[in-house]
Amino acid sequence: ETGVTQSPTHLIKTRGQQVTLRCSSQSGHNTVSWYQQALGQGPQFIFQYYREEENGRGNFPPRFSGLQFPNYSSELNVNALELDDSALYLCASSLVRGVVDNEQFFGPGTRLTVL
Amino acid sequence: GESVGLHLPTLSVQEGDNSIINCAYSNSASDYFIWYKQESGKGPQFIIDIRSNMDKRQGQRVTVLLNKTVKHLSLQIAATQPGDSAVYFCAENSSGATNKLIFGTGTLLAVQP
């Protein structure tokens, strides 16, 4: 186990609804990244937070937003859910921002199903 | 655009055999690569990494080879065990302030007892 926890484990929503996913980073890690993993595919980078500020974003629309709190835990919010948002959402924490060989530790993910 | 890996193939091996999983990457400027193992219902788990100034790196039962000329990465697993059954992803870590990971689609390794 990596020490990164995510909640909830599973979630079912309907189109147009909003969802909030949560992540607690490994102790001492100040950087949190979020990834979306569609079934049968590799994870895709959504965005990263470092010390409560967004620190880079992938090719995702603005309805994907996030927060990081002073204790470095993080939330991923998705508004106006679409069917294609159904995926496993992964959170990864790391210790140091910007170091290329900085290992990222993944949580177990939240499985989101949009009906 | 950037991409790493292939469409999800499946590799079936007998227990005790050696496994070789391959990956192609497209960003020649990348300088760090990682192999992850993902079991059903779990997040990716770090296996081994390699920097672009190396050709080979060995761990316990695993070896990663990097060929920058053809932008190819491979993972070798010695004496494959049933517990090695999982999806394996190669990932590329871009430099800069945001060290995001770029994943391929993975390879499913099925170990037959």
[X] side, atom [atom1]; [Y] side, atom [atom2] - distance, nearest 0.5 Å:
{"X": "A:Arg57", "Y": "B:Lys100", "atom1": "CZ", "atom2": "NZ", "result": "12.0 Å"}
{"X": "B:Leu101", "Y": "A:Gln48", "atom1": "CG", "atom2": "CD", "result": "9.0 Å"}
{"X": "A:Gln104", "Y": "B:Ile34", "atom1": "CD", "atom2": "CD1", "result": "7.5 Å"}

Atom [atom1] of residue position [X] - does it have more than 12 heavy atoms of other residues, nucleotides or ligands inside 6.0 Å?
{"X": "B:Asn53", "atom1": "CG", "result": "yes"}
{"X": "A:Leu39", "atom1": "CG", "result": "no"}
{"X": "A:Arg63", "atom1": "CZ", "result": "yes"}

Check whether [X] and [Y] end up in the same hydrophobic cluster, where Ile, Leu, Val, Met, Phe, Trp and Tyr are linked by side-chain heavy atoms less than 4.5 Å apart.
{"X": "A:Phe47", "Y": "A:Leu88", "value": "no"}
{"X": "A:Tyr50", "Y": "A:Phe69", "value": "no"}
{"X": "A:Trp34", "Y": "A:Val4", "value": "no"}
{"X": "B:Leu75", "Y": "B:Leu65", "value": "no"}
{"X": "A:Tyr72", "Y": "A:Leu76", "value": "no"}

* To do: Heavy-atom distances under 4.5 Å only: say whether B:Gln38 touches chain A with side chain, backbone, both or neither.
  => side chain
* Asked: What part of B:Phe33 lies closer than 4.5 angstrom to a heavy atom of chain A: side chain, backbone, both or neither?
  -> neither
* Heavy-atom distance under 4.5 Å between the side chains of A:Phe105 and B:Phe46, does that happen here? ->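 No; the side chains remain at least 4.5 Å from each other.
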* Asked: Are any of the side-chain heavy atoms of A:Gln41 and B:Phe89 separated by less than 4.5 Å?
  -> no
* Select, from A:Gly40, A:Ala38, A:Pro43, the one with the greatest count of heavy-atom pairs under 4.5 Å involving chain B. => A:Pro43
* Asked: Which atoms of A:Gln37 come close to chain B, meaning under 4.5 Å heavy atom to heavy atom: side chain ones, backbone ones, both, or neither?
  ->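 Only the side chain of A:Gln37 comes within 4.5 Å of chain B.
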* Asked: Can you name the closest pair of heavy atoms from A:Leu90 and B:Gly43 and give their distance?
  ->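 Closest approach of A:Leu90 to B:Gly43: CD2-CA, 3.9 Å.
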* To do: Please check if the side chain of A:Tyr35 supplies one atom and the backbone of B:Phe103 the other of a donor-acceptor pair under 3.5 Å.
  =>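 Side chain of A:Tyr35 to backbone of B:Phe103: no pair is present.
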